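Note that the structure is a prediction, hence the values are computed from the model and not measured.
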Amino acid sequence: MTPALDPALVDRFKGRDILSTRDFTREEILFVLDAARLFADGGGEEARPLRGKVLATLFFEPSTRTRLSFEAAIKRLGGNTIGFADAGVSSAAKGESLHDTVRVVEGYCDAIVIRHPREGAARLAAEATRLPVVNGGDGSNQHPTQTFIDLYTIREARGRVSGLHIGFLGDLKYGRAAHALITAAAAMGNRLTLVSPVELRLPGSIMEELKEAGVKPVQTSDLEAALGDLDVLYVTRIQQERFHDPLEYERVRNAYRLDRKTLEGAGRKLSILHPLPRVREIDPEVDAMEGALYFRQAHNGVTVRKALLSLLLGVLP
Ligand code: CP
């Protein structure tokens with residue numbers, strides 16, 4: 001193991017659940033980013049430290065990046081996976097409870113990643129097992145490992161994850177990746193500007209939490225006015241699957257589209273992130289721009305998840 005990692009923090013992560021960005025201190029977040037650096041560019045793979053370890057991926061909702069990058073991460077470190085990518089092929093379709101599914105699966109693996117449409121489902125799963133549980137997204141609530149990837153990508157590009165002006169664009173009502181990152185970015189000491197249609201503003205409960213922490217984000221619907229002063233723009237998809245009323249979705253689905261023309265008003269060094277998938281909120285012509293980091297961000301998923309799995313399983317190369 002590299003001497004660069006503080007053994008006390010290494011200890012703190014062994015067997016730990018990753019359920020919400022609220023559960024991590026600033027020091028712990030920076031520690032994960034440092035640990036991840038050791039796993040970049042194939043780091044840690046040669047020793048195959050996770051051989052014999054099995055990760056269960058229980059995905060009750062669709063995913064490309066989260067599930068596949070977790071699978072790639074453990075396999076690249078010598079481990080293996082079991083799981084399902086569709087609740088319809090699991091016994092949940094026969095009425096099995098989440099609690100019982102987790103109680104059974106814990107006998108087959110060493111750690112569990114779960115994605116579920118219900119807020120709080122990952123915490124419920126964690127209460128049902130002694131194994132480490134990772135929240136791969138629970139409804140509109142949280143997506144903490146995405147946040148570690150986002151911050152890792154921001155640090156690669158900007159050299160730091162504090163003292164930045166970060167804009168969040170799109171669906172701030174239902175977007176769990178935005179919720180998780182907003183909480184962490186505020187705790188790390190960043191300025192926040194929230195750009196969304198009025199109907200899709202950040203939930204009052206999170207605004208209240210930010211206020212209590214002494215953070216006062218600017219809320220606006222005017223992207224072009226906000227752009228000029230930002231270091232980072234975190235774009236999110238309008239989460240069609242969370243809308244109860246299809247007409248409400250129709251009203252906001254085309255609220256924003258980032259293209260080269262819109263970006264003329266941005267600072268020259270603006271970093272553009274998106275947890276992906278995108279639908280129409282970023283024109284593909286933006287992909288070739290220097291600040292467009294979203295594919296890099298998706299690829300960083302393997303690096304960061306290799307680090308998290310190694311820490312949770314207590315086996316570092
Ligand atoms: N960013 C993210 O969670 O992507 P998937 O939905 O494809 O996992």
Participant: Look up atom CG in Asp17 and atom CG in Asp23, then write down how far apart they are to the nearest 0.5 Å.
Facilitator: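 Rounded to the nearest 0.5 Å, the CG-CG separation comes out at 8.5 Å.
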Participant: Between the main-chain N or O of Ala185 and the side-chain N or O of Asn190, is there a donor-acceptor pair closer than 3.5 Å?
Facilitator: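 The answer is yes, because a donor-acceptor pair under 3.5 Å joins these two groups.
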Participant: For Leu258 and Leu263, run side chain to side chain contact (heavy atoms under 4.5 Å, CB included): C-alpha distance rounded to whole Å, both residues' side-chain angles, the deciding distance at 0.1 Å, then the answer.
Facilitator: CA-CA 7 Å; Leu258 210 62; Leu263 286 166; 4.1 Å; yes
Participant: Do Glu208 and Pro203 come within less than 4.5 Å of each other through their side chains, counting heavy atoms only?
Facilitator: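 No - every pair of side-chain heavy atoms lies 4.5 Å or more apart.
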Participant: Is the count of non-hydrogen atoms from other residues, nucleotides or ligands lying under 6.0 Å from Glu285 atom CD greater than 12?
Facilitator: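 It does: Glu285 CD has more than 12 such atoms within range.
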Participant: State whether a side-chain donor-acceptor pair under 3.5 Å links Arg176 with Ser140.
Facilitator: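 Side chains of Arg176 and Ser140: no pair found under 3.5 Å.
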Participant: How long is the straight-line distance from CG of Leu202 back to CZ of Phe168, given to the nearest 0.5 Å?
Facilitator: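 Phe168 atom CZ to Leu202 atom CG measures 9.5 Å (nearest 0.5 Å).
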Participant: Under a 4.0 Å N-O cut-off, is there an ion pair linking Arg278 with Asp287?
Facilitator: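 Yes, this pair counts.
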Participant: Taking the side chain as everything from C-beta on, heavy atoms only, tell me whether Asp171 gets closer than 4.5 Å to Val252.
Facilitator: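 In short, these two side chains do not touch, never coming nearer than 4.5 Å.
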Participant: Is the side chain of Lys306 donor-acceptor paired with the backbone N or O of Glu45 at a distance under 3.5 Å, no angle test?
Facilitator: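 Checked: no pair found.
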Participant: Are Val32 and Ile154 linked, directly or through other ILVMFWY residues, by side chains that come within less than 4.5 angstrom of each other?
Facilitator: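 As far as the 4.5 Å side-chain criterion goes, Ile154 and Val32 are connected within one cluster.
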Participant: Please check if Val232 and Leu194 belong to a single hydrophobic cluster, counting links between Ile, Leu, Val, Met, Phe, Trp and Tyr side chain heavy atoms closer than 4.5 Å.
Facilitator: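 Yes, it is one cluster - the side chains of Val232 and Leu194 are joined through contacts under 4.5 Å.
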Participant: Check Arg26 against Ala187 and note the closest heavy-atom contact, atom names and distance.
Facilitator: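 That closest heavy-atom pairing would be NH1-O, 4.0 Å.
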Participant: Given the rule in the ring pair (Phe, Tyr, Trp, His ring centres under 6.0 Å) test, do Phe24 and Phe148 qualify, once you have shown the distances and angles that lead to the verdict?
Facilitator: CA-CA 11 Å; Phe24 296 88; Phe148 286 122; 5.4 Å; yes
Participant: Whether the Arg115 and His143 side chains hold a donor-acceptor pair (N or O, under 3.5 Å, no angle test) is what I'd like checked.
Facilitator: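 A pair is found: one side chain offers a donor N or O, the other an acceptor, under 3.5 Å apart.
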Participant: Verify whether one side chain among Thr145 and Arg305 offers a donor that lies under 3.5 Å from an acceptor in the other.
Facilitator: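 Judged by distance alone, the side chains do pair up.
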Participant: Over all heavy atoms of both residues, which pair between Asp86 and Gly88 is shortest? Give the atoms and the distance, please.
Facilitator: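 Smallest heavy-atom distance, with atoms named: OD1-N, 2.8 Å.
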Participant: Between Asp138 and Gln142, is any side-chain donor less than 3.5 angstrom from a side-chain acceptor?
Facilitator: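 Their side chains do not contain a donor-acceptor pair, so the 3.5 Å distance test is not met.
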Participant: Checking side chain to side chain contact (heavy atoms under 4.5 Å, CB included) for the pair Leu200/Tyr174: CA distance, chi angles, key distance, verdict?
Facilitator: CA-CA 7 Å; Leu200 297 181; Tyr174 296 118; 4.2 Å; yes
Participant: Might you confirm whether atom CG of Asp41 has over 12 heavy atoms from other residues, nucleotides or ligands at distances under 6.0 Å?
Facilitator: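 No, not enclosed.
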Participant: Is the closest side-chain heavy-atom distance between Val133 and Ile114 below 4.5 Å?
Facilitator: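 Side chain of Val133 against side chain of Ile114, heavy atoms only: contact under 4.5 Å found.
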Participant: Hey, are Arg158 and Asp231 close enough for a salt bridge, meaning a charged N less than 4.0 Å from a carboxylate O?
Facilitator: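 Between Asp231 and Arg158 there is a salt bridge, with a charged N closer than 4.0 Å to a carboxylate O.
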Participant: Would a distance-only check, ignoring hydrogens and angles, find a side-chain to backbone donor-acceptor pair under 3.5 Å from Thr147 to Leu181?
Facilitator: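 Yes, the answer is positive, given that a donor and an acceptor are paired below the 3.5 Å cut-off.
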Participant: Given Leu55 and Leu313, is the side chain to side chain contact (heavy atoms under 4.5 Å, CB included) satisfied, shown in steps?
Facilitator: CA-CA 10 Å; Leu55 176 70; Leu313 293 169; over 6 Å; no
Participant: Do you reckon Leu124 sits in the same ILVMFWY cluster as Phe84, going by side-chain contacts under 4.5 Å, direct or chained?
Facilitator: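 Same hydrophobic cluster.
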Participant: Is it the case that more than 12 heavy atoms not belonging to Arg280 sit under 6.0 Å from its CZ atom?
Facilitator: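 More than 12 within 6.0 Å, yes.
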Participant: State whether the side chain of Arg67 and the backbone N or O of Phe59 hold a donor-acceptor pair below 3.5 Å, judged by distance alone.
Facilitator: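 No; judged by distance alone, with no hydrogens or angles, the pair does not exist.
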Participant: Examine distances only and state if a side-chain atom of Asn135 and a backbone atom of Ala122 form a donor-acceptor pair shorter than 3.5 Å.
Facilitator: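 Looks like no, no N/O pair under 3.5 Å.
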Participant: What pair of heavy atoms forms the shortest contact from Gly170 to Ile238, and how long is it?
Facilitator: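 The answer is C-CD1, 4.2 Å.
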Participant: Quick one: CD on Gln297 to CZ on Arg65, what's the gap to the nearest 0.5 Å?
Facilitator: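 The CZ atom of Arg65 is 9.5 Å from CD of Gln297, to the nearest 0.5 Å.
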Participant: Taking Thr129 for the side chain and Ala126 for the main chain, is one N or O donor matched with an acceptor at less than 3.5 Å?
Facilitator: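 Here the side-chain-to-backbone pair does not exist.
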Participant: Is a side-chain donor or acceptor of Thr66 paired with a backbone partner of Ser63 at a separation under 3.5 angstrom?
Facilitator: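 Not confirmed, Thr66 side chain does not pair with Ser63 backbone.
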Participant: Verify whether one side chain among Lys94 and Ser91 offers a donor that lies under 3.5 Å from an acceptor in the other.
Facilitator: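 There is such a pair (donor and acceptor under 3.5 Å, judged by atom type) between the side chains of Lys94 and Ser91.
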Participant: Are any of the side-chain heavy atoms of Ile182 and Leu192 separated by less than 4.5 Å?
Facilitator: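 Yes - at least one pair of side-chain heavy atoms lies under 4.5 Å apart.
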Participant: Let me check something: do Ile18 and Met188 share a hydrophobic cluster, defined by ILVMFWY side-chain heavy atoms less than 4.5 Å apart, either directly or through other members?
Facilitator: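 Shared cluster, yes.
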Participant: When you check the side-chain N and O atoms of Asn300 and Thr153, is any donor under 3.5 Å from an acceptor?
Facilitator: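 Side chains of Asn300 and Thr153: pair found under 3.5 Å.
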Participant: Does a donor on one side chain and an acceptor on the other come within less than 3.5 Å for Asp259 and Thr262?
Facilitator: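 Result is yes, a qualifying pair exists.
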Participant: If you define the side chain from C-beta out and look only at heavy atoms, does anything of Leu58 sit under 4.5 Å from Val113?
Facilitator: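 No. Closest side-chain heavy atoms not under 4.5 Å.
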Participant: When rounded to the nearest 0.5 angstrom, what distance separates CG in Asp34 from CD1 in Ile29?
Facilitator: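 Going from the CG atom of Asp34 to the CD1 atom of Ile29 covers 12.0 Å.
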Participant: State, yes or no, whether a side-chain contact exists between Ile282 and Arg257 at a heavy-atom distance under 4.5 Å.
Facilitator: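 Counting from C-beta outward, Ile282 and Arg257 never come under 4.5 Å.
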Participant: For Arg296 and Glu156, what are the C-alpha separation, side-chain angles and deciding distance, and is it a salt bridge (charged side-chain N to carboxylate O under 4.0 Å, His left out)?
Facilitator: CA-CA 10 Å; Arg296 169 99 195 144; Glu156 264 189 341; 2.5 Å; yes
Participant: Restricting to non-hydrogen atoms, name the atom on Leu172 and the atom on Val195 that form the minimum distance, rounded to 0.1 Å.
Facilitator: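 Nearest pair, atom of Leu172 first, then Val195: CD1-N, 3.9 Å.
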Participant: Would you name the heavy atoms of Pro217 and Met207 that are closest together and state the gap between them?
Facilitator: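 So the two residues come closest at CG-SD, 4.1 Å.
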Participant: Same cluster for Leu33 and Leu311 if Ile/Leu/Val/Met/Phe/Trp/Tyr side chains link at under 4.5 Å?
Facilitator: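 Same hydrophobic cluster.
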Participant: Looking at Thr183 and His179, would you say the former's side chain and the latter's main chain have a donor-acceptor pair under 3.5 Å?
Facilitator: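 Checked: pair present.
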Participant: Output yes when a side-chain donor or acceptor of Arg201 lies under 3.5 Å from a complementary backbone atom of Ser196, and no otherwise.
Facilitator: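 Side chain of Arg201 to backbone of Ser196: no pair is present.
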Participant: Considering only NZ, NE, NH1 and NH2 on the basic side and carboxylate oxygens on the acidic side, decide whether Glu28 and Arg12 come within less than 4.0 Å.
Facilitator: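 Salt bridge flag = yes for Arg12 with Glu28.
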Participant: Salt bridge (charged side-chain N to carboxylate O under 4.0 Å, His left out) for Asp229 and Arg191? Distances and angles first, verdict last.
Facilitator: CA-CA 11 Å; Asp229 193 41; Arg191 229 174 106 198; 3.0 Å; yes
Participant: Test side chain to side chain contact (heavy atoms under 4.5 Å, CB included) on Tyr234 and Ile272; report intermediate values, then the result.
Facilitator: CA-CA 6 Å; Tyr234 194 82; Ile272 304 165; over 6 Å; no
Participant: Is it the case that the side chain of Arg160 and the backbone of Ser162 share a donor-acceptor pair, with hydrogens and angles ignored and the cut-off at 3.5 Å?
Facilitator: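 Yes.
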Participant: Assess the side chains of Glu281 and His274: does a donor N or O sit below 3.5 Å from an acceptor N or O?
Facilitator: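 Result is yes, a qualifying pair exists.
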Participant: Pro49 and Gly44: which non-hydrogen atoms are nearest, and at how many Å?
Facilitator: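 So the minimum-distance heavy-atom pair works out to CD-O, 3.2 Å.
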Participant: With a cut-off of 6.0 Å (strictly less than), are more than 12 heavy atoms of other residues, nucleotides or ligands near CD of Glu241?
Facilitator: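 Above 12, so yes.
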Participant: Taking side chain as C-beta onward, heavy atoms only, is Glu212 less than 4.5 Å from Glu209?
Facilitator: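 When only atoms from C-beta onward are counted, Glu209 and Glu212 do not touch, as no gap falls below 4.5 Å.
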Participant: For Tyr108, look at atom OH and say whether over 12 heavy atoms of other residues, nucleotides or ligands are found less than 6.0 Å away.
Facilitator: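 No, because the 6.0 Å sphere around OH of Tyr108 holds 12 heavy atoms or fewer from other groups.
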Participant: Could you tell me whether the side chain of Thr64 reaches within less than 4.5 Å of the side chain of Pro277, counting heavy atoms only?
Facilitator: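 A side-chain contact is absent here, since even the closest heavy-atom pair is not under 4.5 Å.
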Participant: Establish, for the pair Arg16 and Phe13, whether the NZ or CZ atom is under 6.0 angstrom from the six-membered ring centre and no further than 45 degrees off its axis.
Facilitator: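 Yes, Arg16 and Phe13 form such a contact.
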